[in-house]
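A, B, ... follow the sequence lines: proteins, then strands. Residue 1 opens every chain. What you see is a predicted model, and the numbers here were worked out from it, not measured in a lab.
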Amino acid sequence: MDKPDKTLIVITGPTASGKTDISIEVAKHFDTEIISADSRQFYREMKIGTAVPSAEQLQAVPHHFIGQLSVHDAYNVSRYEQDVLEKLEELFREHDYVVMAGGSGLYVDAVCKGIDDMPDIPRHIREAVDNKYREHGLDYLRSYLEKNDPEYYSSVDQSNPNRMKRGVEVFEATGRRFSSFRKQQSRERDFSIKKFGLLWERHILNERINSRTDKMMQQGWLEETKVLYPYRHLNALNTVGYKELFSYLSGDMSLEKAVEKIKTQTRRYAKRQMTWLRKDPDLLWVDAEMNPIREIIEKT
RNA sequence: GGUACCAUAGCUCAGUAGGUAGAGCAACGGACUGAAAAUCCGUGUGUCCCUGGUUCGAUUCCGGGUGGUACCA
């Protein structure tokens with residue numbers, strides 16, 4: 001295979017690790033553009049609470065996949081993979097390097113390694129499966145899969161409703177076993193990938209999370225959330241921070257308590273991100289406190 | 001100042017009819033291919049406030065401190 005002459009520079013790391021600022025500096029250096037890999041910055045109604053780049057930052061370097069969706073839209077990783085690959089093809093015509101920045105591990109992986117082709121599930125089927133689950137509980141999902149897709153049943157986390165609902169809805173929609181679609185083979189891309197992770201000491205990252213949360217509140221996060229309150233059941237709004245502010249708006253907790261809870265939930269989210277990222281052998285960790293920009297540029 | 005109640009994990013608290021203790025939350029570790037900022041799994045980290053006494057043995061019972069809360073002055 002020919003050595004690819006195009007390179008995707010991936011900048012990832014937990015929430016509040018500084019991906020935005022660093023990716024902009026790197027993109028400026030390579031005179032290129034940025035693709036966001038953040039599954040909540042897609043939604044244009046959620047700006048403050050997802051810490052999207054500022055207007056000045058967005059103007060300094062063109063960004064893609066920020067605010068391209070409404071919270072009412074349905075979207076998924078597979079479509080993201082396709083959309084990004086198309087965008088990359090376009091960007092690589094003009095640039096040798098493109099930067100991708102974001103902390104949604106599954107979405108980053110979909111672009112870097114590909115994800116199996118599977119049919120979209122019609123909304124009414126997803127809802128029907130969900131209703132069955134709510135009515136009959138995990139046992140319904142277990143026995144359904146045990147009967148219809150024993151292979152997936154034996155490997156799936158049987159106490160995780162989302163995992164199991166997925167297997168059920170695929171079978172319901174297609175009549176084919178979920179396991180028959182799941183090849184889990186990574187795909188070669190026709191561009192190189194350099195993946196960097198921003199590493200902080202845990203207690204410093206926690207401080208950054210705390211002060212960023214306070215800053216977001218000052219910027220009017222609560223007002224942003226009030227407008228979205230009627231839509232709080234939408235998946236896009238099942239998101240750290242918005243959830244807690246909805247609880248405050250419903251009168252379930254004080255604002256002070258809600259903000260405190262946002263901070264701990266954000267810490268827990270960062271922890272989950274780290275768990276995901278740690279197992280990636282292709283990820284090169286850079287010390288976020290030293291000079292990560294120079295290091296990323298040198299190693300690209 | 002007096003009376004009553006309380007003091008146990010990082011926090012809120014349960015418990016031990018005397019044999020050194022456990023829940024929730026947090027914390028920590030992990031899983032995860034179309035909801036992923038989602039969803040799920042695992043782990044107890046402790047001078048049981050201090051100090052005398054009774055006892056084979058006290059976090060538990062008794063006395064005295066200290067701190068807190070409430071009421072009365």
Asker: Select base, sugar-phosphate, or nothing to describe what A/Glu260 touches, counting heavy atoms under 4.0 Å on all strands.
Answerer: nothing
Asker: Using a cut-off of less than 4.0 Å, is there contact between a side-chain N or O of A/Lys271 and OP1 or OP2 of B/G29?
Answerer: yes
Asker: In whole angstrom, give the distance that lies between atom CD of A/Gln265 and atom C1' of B/A26.
Answerer: 10 Å
Asker: Does B/U39 have its OP1 or OP2 closer than 4.0 Å to a side-chain nitrogen or oxygen of A/Lys243?
Answerer: yes
Asker: Sort out for me which residue in A/His64, A/Lys87, A/His63 forms a side-chain hydrogen bond (donor to acceptor under 3.5 Å, both in side chains) with A/Glu33.
Answerer: A/His64
Asker: Does a salt bridge link A/Lys299 with A/Glu295, judged by any charged N lying under 4.0 Å from a carboxylate O?
Answerer: yes
Asker: From the set B/G30, B/A35, B/C40, return the single nucleotide nearest to any side-chain atom of A/Arg278.
Answerer: B/G30
Asker: If only side-chain N and O atoms count, and only distance matters, is there a donor-acceptor pair under 3.5 Å linking A/Ser70 with A/Glu45?
Answerer: yes
Asker: Under 4.5 Å between side-chain heavy atoms, counting indirect links through other Ile/Leu/Val/Met/Phe/Trp/Tyr residues: same cluster for A/Ile11 and A/Ile35 or not?
Answerer: no
Asker: Return no unless some side-chain N or O of A/Arg272 is found under 4.0 Å from OP1 or OP2 of B/A38.
Answerer: yes
Asker: Within less than 4.0 Å of OP1 or OP2 of B/C32, is there a side-chain N or O belonging to A/Arg163?
Answerer: no
Asker: Could you state whether A/Ile209 and A/Met274 fall into the same hydrophobic cluster, counting links through intermediate Ile, Leu, Val, Met, Phe, Trp or Tyr residues with side-chain heavy atoms under 4.5 angstrom apart?
Answerer: no
Asker: Can a donor-acceptor pair under 3.5 Å be found between the side-chain atoms of A/Asn162 and the base atoms of B/U39?
Answerer: no
Asker: Ignoring the backbone of A/Asn238, work out which of B/C40, B/U39, B/A35 is nearest its side chain.
Answerer: B/U39
Asker: When all nucleic acid strands are considered with a 4.0 Å heavy-atom cut-off, which category describes A/Asp38: base, sugar-phosphate, or nothing?
Answerer: base
Asker: So, is A/Lys113 close to the B/U33 phosphate, meaning a side-chain N or O under 4.0 Å from OP1 or OP2?
Answerer: no
Asker: Choosing from B/G34, B/C41, B/U33, which nucleotide comes nearest the side chain of A/Ser159?
Answerer: B/C41
Asker: Please classify the glycosidic conformation of B/G42 as syn (within 90° of 0) or anti (everything else).
Answerer: anti
Asker: Ignoring backbone atoms, test whether A/Gln82 places a side-chain nitrogen or oxygen under 4.0 Å from the OP1 or OP2 oxygen of B/G34.
Answerer: no
Asker: Tell me if the aromatic rings of A/Tyr75 and A/Phe42 count as close, with their centers under 6.0 Å from one another.
Answerer: yes
Asker: Looking at A/Arg202, I'd like to know whether one of its side-chain N or O atoms comes within less than 4.0 Å of OP1 or OP2 on B/C28.
Answerer: yes
Asker: With a 4.0 Å cut-off on heavy atoms, is A/Gly241 in touch with a base, just the backbone sugar-phosphate, or nothing at all?
Answerer: nothing
Asker: Between B/A38 atom C1' and A/Met46 atom CE, what is the distance in whole Å?
Answerer: 12 Å
Asker: A/Thr50 or A/Lys279: which one's nearest nucleotide on RNA chain B is closer to the 5' end?
Answerer: A/Lys279
Asker: Hey, can you tell me if A/Tyr144 and A/Phe171 have their rings parallel, tilted or perpendicular (30° and 60° cut-offs)?
Answerer: perpendicular
Asker: Name the nucleic acid region contacted by A/Asp117, choosing base, sugar-phosphate or nothing; use a 4.0 angstrom heavy-atom cut-off, strictly under.
Answerer: base
Asker: What stems, by residue range, does RNA chain B take part in, given at least 3 consecutive Watson-Crick or G-U pairs under 3.5 Å?
Answerer: B:1-7 with B:66-72, B:10-13 with B:22-25, B:27-31 with B:39-43, B:49-53 with B:61-65
Asker: Hey, does A/Thr266 reach any base, or is it just sugar-phosphate, or nothing, if we go heavy atoms under 4.0 Å?
Answerer: nothing
Asker: Grab the CG-C1' distance between A/Asp120 and B/A35 for me, whole Å please.
Answerer: 13 Å
Asker: Which of the following nucleotides, B/G34, B/A35, B/U33, is nearest to the side chain of A/Ser78?
Answerer: B/G34
Asker: Compare the minimum distances between each of B/A38, B/U33, B/A35 and the side chain of A/Tyr269, then state the nucleotide with the smallest one.
Answerer: B/A38
Asker: Hey, does A/Tyr80 reach any base, or is it just sugar-phosphate, or nothing, if we go heavy atoms under 4.0 Å?
Answerer: nothing
Asker: Once you apply a heavy-atom cut-off of 4.0 Å, does A/Tyr152 come out as touching a base, just sugar-phosphate, or nothing?
Answerer: nothing
Asker: Would you please say whether a donor-acceptor pair under 3.5 Å links the side chains of A/Asn76 and A/Arg79?
Answerer: no
Asker: Can you find a side chain N or O atom of A/Thr264 that sits less than 4.0 Å from OP1 or OP2 on B/A26?
Answerer: no
Asker: Any base atoms under 4.0 Å from A/Arg166, or only sugar-phosphate, or nothing? Heavy atoms, all strands.
Answerer: base
Asker: Give the minimum heavy-atom separation between A/Leu228 and A/Tyr242, together with the two atoms involved.
Answerer: CD1-CE2, 4.0 Å
Asker: Assign A/Glu81 to base, sugar-phosphate, or nothing according to its heavy-atom contacts below 4.0 angstrom with the strands shown.
Answerer: nothing
